[in-house]
Amino acid sequence: MEIASKYDPRSVEEKWYQFWIDKRLFHSEPDQRVPYTVVIPPPNVTGVLHMGHMLNNTIQDVLVRRARMQGKNACWVPGTDHASIATEAKVVKMLADKGIDKRSLSRDEFMKHAWEWKEQYGGIILKQLRRLGASCDWDRTAFTMDEVRYESVIRVFVDLYNKGLIYRGVRMVNWDPQALTAVSDEEVIYKETRGKLFYLRYHVEGEDKYIVVATTRPETIMGDTAVCVHPDDERYQWLKGKRVIVPGIGRAVPVIMDEYVDREFGTGALKITPAHDINDYNLGMKYGLESIDIFADNGTLNDNGGKYVGMDRFACRKQIIKDLEEAGLVEKVEDYTNKVGHSERTDAVIEPKLSAQWFMRMDGIAKKALQVVEDDTIRFHPAKFKNTYRHWLENIKDWCISRQLWWGQRIPAWYLDIDGRVEIIVALNEEEAKKTAAEKYNYTGTLRQDEDVLDTWFSSWLWPISLFDGIRNPGNPEIKYYYPTADLITAPDIIFFWVARMIMAGEEYMHDIPFRNVYFTGIVRDKLGRKMSKQLGNSPDPIELIEKYGADGVRMGMLLTAPAGNDLPFDEAICEQGRNFSNKLWNALRLVSGWQTGDIEQNAENAVSIQWMEQRMAQVLEEIERDFDQYRLSEALMAAYKLAWDDFCSCYLEIVKPAHGTPLDRETYQATLSIFSRLMLILHPFMPFVTEEIWHTLQTIGKTDQQADFLNANYSIMNQRMPASVLYDQRLLDQFDTAREIIAGVRNIRNTRGLSPKEPLAVHIRNSELRVQHLESIIRKLGNVSEITPVEEAPAGALQFIVGTAECYVPMSQNVDKGEELKKLQDDLKYHEGFLRSVIAKLSNEKFVSGAPAAVVEKERNKQRDAETKIAALKKQIDNLGS
RNA sequence: GGGAGUAUAGCUCAGCUGGUUCAGAGCGCCUGCCUUACAAGCAGGAGGUCACUGGUUCGAUCCCUGUUACUCCCACCA
């Protein structure tokens, strides 16, 4: 059969993914096997695949595929998140592009547009995941706003409200003036921003004096209702009980004294704007100050804005300073850098704003959520994130869960006006609400539903439960079987948003943890260490990478640079390594599939090589298992990589490879196919496509077409059992290493001497304690060695090297440069003598001999013996050369 | 301002409970090879005062002090 010398991933990947789908190999149903459940961190339904997803989903797929091959019932549930703010913003923009103003639409009309948009453009990301090879159970694809999930959210809201854990209140919230909604504390990103610090003059009422107040936000002076200084500040004692005039506005406000003020900052005097700053708000409460809200929802000045009404807050800042400067009320202006809150979703500058919102109480539930992580019921990998997690939960504040948007689960609260007061009814639906209204208040009029929707995280925190319908149907067979899930793979930046809250929901609704392990991936950065972002344009398109290197290549590239929890500087070049590896495996297949077998007896070198390769595989499997236990995926992959490339291809195949045109014995051939197949199994979780392709080819070698068709149509590598480590013989492995050292020694001589690999060389070994007689034929073959003979005396005119304590000599037909050889030997001698000295020093140290454990001392003695033998050998060689 | 983490070859990182056969890996680099599986390859090789400083110890890359540099998280300093 003719196979191309370059592996072409494209057709292979498409073929096998379709095969897996057709055979429904990703689908899971509860059965007798041990479940292995993973829920995908749902990406935004509007999103497209970026490198972070690539990494995250590659890791999930590796774990899921491995679990499946270990005989577990693997279920990886995919889905998307409705992402209210982001999606609503996109829909609004789409409508605006069509000339439709959102405000001209009714809620229902808007939702219709949004759903249409979602159906048309949403979920691209899930399709892209297939290119990566993700083995998700697509039949279970969910959406945080589909029927089951929507209803689950509503039920949970009602339940928590009835338990008294959800309440409505007027609070200072983070207002996003662009999205026109409140956002939670976690959704505010504080960024270093270069601004100015303005020093403004506040004249004292009725006197010819003024004090200077520093502020970064002069546009808020219309909302000033006090000026505050520190009670112990001697500079301002005279102000006690006085009133000052807000510059440019003319309003007189009291001077209050509170220890909150930092005397060192600015002038030590602070203006108080209770409506627009959380601290000022608190002081306002404390001193009963008036609160004047001067901003409209969109960040422009409202009717309280005097002559600046309608102006944007930032335009107003400029204008007001200009006006105050003209009025001589600005003392000075300094450059100033501070942290300004920005909206995570829209990047608009957050405006603290008083408004009525829904909150969820966090104190009680947070304690339980902390406990299960503290006691390692849930394990974090790496564990350092426990600190972050603890700190947040110990300082947690109530969660603002309402959003002033339409796209999302509408808050199931209804208002009714009775006798001038407003009552709230929280119910599963309007009918229930009406019933309650009638029963409780004897009210039969119309009810007004709350306009707001819930925070998106208020649906995704239920994800591991709601995916199996565990909220609506507690105790159903699916939730019982699949919950708790096994591993959660996510980025550390959503540890609070999502991970912590899922743990809370698990405690509240399942009385159990939602997952056993959390693997925090690093953040993918570019090779300069910058975060990948659209603005910088430094994020490669994953699909293009797949086109270029193959999905297997990209997966390997991701995994090789991704130790858990460390940020990974991603360099496209590393995908090349993955592609090259695919190609290497492919060419090994080409080699093996081209071999002919014949009725010949297996020779000794093949027999022992097979033994060795089996032992080596067992040894590496042990390493890989250990790595997986510790979630060290890149190490596991590297171990498998070296096993395949260095041991299997460079060593094993080279040994058993028959000379061109000659056949191989059947026994060795079968063993080779078997080993190769198992290698594919080991690599399959990492590189699903190329391994499936090669595995199938290997299975069909020597079969009739009919048998091959049957195999190809009915079997998949995915369902094969992952090889497990077995006991192995360390001695054989060590002996092989020695043989390889001798081979390397010979090759080295060849290389440095410029000798052709085709010219056979003889090797004489002196003082040999080496037990490599049974490996001699291998040394002959790989080193192109004509003879290996033990000698008593070092032969003249030979080059030498040392393996362990054995002296190896390679006689040269051409002249040997004695000086050069001598120098090499003397350098070597010097090193070993130094080494010996340090060992002897240690051994003659009474404290060491008595203090160190016996085994360590014994080890040192061995070192001494070895070093002495080696030194003796070197001296002899030097003597020989000299004579 | 508080807290956490990291500093090991040119790059990215391993080094488990302290013991020079642990100073390692991959990539990169250098040299020589188109040896009929693979130049996306083969063979060989060279790179490191384990950030700096003191200490504990018979002995420290590994433990402790401090310094420096970088990263991340949290926080209401106008």
Side-chain angles (χ1 to χ4, degrees), chain A residues 3 5-7 172 190 197 213-217 220 228 260-262 264-267 269-273 277-282 336 338-339 352 382 384-388 391-392 395 492-493 495-496 523 527 529 549 553 560-563 565-569 571 573-574 576-595 626 630 632 634-635 638-639 641-642 649-650 653-654 657 660-661 743-744 747-752 754 756-758 784 804 834-835 838-839 841-842 845-853 855-857 859-860 862-863 866-867:
Chain A
I3 311 180
S5 74
K6 293 260 187 292
Y7 172 62
M172 179 78 64
Y190 287 88
L197 188 59
V213 174
T215 178
T216 54
R217 303 204 56 195
T220 62
C228 188
Y260 165 74
V261 176
D262 175 1
E264 307 302 316
F265 189 90
T267 60
L270 172 66
K271 72 186 204 60
I272 305 297
T273 319
D277 183 282
I278 180 68
N279 303 299
D280 294 8
Y281 174 73
N282 292 336
Y336 184 67
N338 66 339
K339 301 233 177 176
K384 67 176 178 185
F385 286 108
K386 274 170 85 168
N387 295 327
T388 314
H391 187 264
W392 186 70
N395 298 283
D493 51 356
I495 184 169
F496 309 133
I523 291 170
K527 58 180 163 185
Y549 302 103
L560 282 181
T561 38
N566 277 11
D567 283 1
L568 45 140
D571 186 347
I574 200 134
E576 213 171 300
Q577 194 182 347
R579 178 200 61 177
N580 293 357
F581 185 45
S582 300
N583 195 50
K584 183 71 185 177
L585 298 173
W586 181 251
N587 275 288
L589 174 70
R590 285 181 68 211
L591 174 69
V592 169
S593 63
W595 285 347
R626 205 170 41 233
Q630 297 168 32
R632 292 156 58 129
S634 43
E635 314 250 328
M638 185 48 72
Y641 172 80
K642 286 194 281 192
C649 292
S650 300
L653 287 181
E654 290 300 330
K657 178 158 90 178
H660 191 60
I743 294 162
R747 284 170 170 174
N748 186 14
I749 285 175
R750 228 188 266 285
N751 253 318
T752 52
S756 161
K758 286 175 182 154
N784 190 16
F835 177 73
S838 75
V839 174
K842 194 178 278 187
N845 182 336
E846 185 48 41
K847 283 184 178 165
F848 170 72
V849 179
S850 58
V856 173
V857 177
K859 218 162 154 190
E860 292 301 310
N862 283 336
K863 279 183 202 163
D866 284 358

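Within every chain, numbering begins at 1; the chains are lettered A, B, ... in the order of the sequence lines, protein sequences first and strands thereafter.
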Select base, sugar-phosphate, or nothing to describe what [X] touches, counting heavy atoms under 4.0 Å on all strands.
X: A:Tyr549; result: nothing
X: A:Arg632; result: sugar-phosphate
X: A:Val213; result: nothing
X: A:Leu270; result: base
X: A:Cys228; result: nothing

Check: When syn is taken as a glycosidic angle within 90 degrees of 0, is B:G47 syn or anti?
Finding: syn

Using only side-chain N and O atoms of [X], determine if any of them is under 4.0 Å from OP1 or OP2 of [N].
X: A:Asn751; N: B:C33; result: no
X: A:Tyr7; N: B:A37; result: no
X: A:Lys642; N: B:C27; result: no
X: A:Tyr190; N: B:C77; result: no
X: A:Arg579; N: B:A40; result: no

Note to self: Using only modelled atom types and a 3.5 angstrom limit, is any donor from either the side chain of A:Glu654 or the base of B:A37 paired with an acceptor on the other?
What the structure shows: yes

Next item on the list: Once you apply the 3.5 Å cut-off to both distances, tell me the Watson-Crick or G-U wobble partner of B:C22, or none.
Entry: none

Check: If pairing requires Watson-Crick or G-U wobble contacts with both distances under 3.5 Å, which nucleotide is the partner of B:G10?
Finding: B:C27

Check: Quick one: which of B:C42, B:A39, B:C76 gets closest to the side chain of A:Ser650?
Finding: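 Per side-chain heavy atoms of A:Ser650, the pick is B:C42.
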
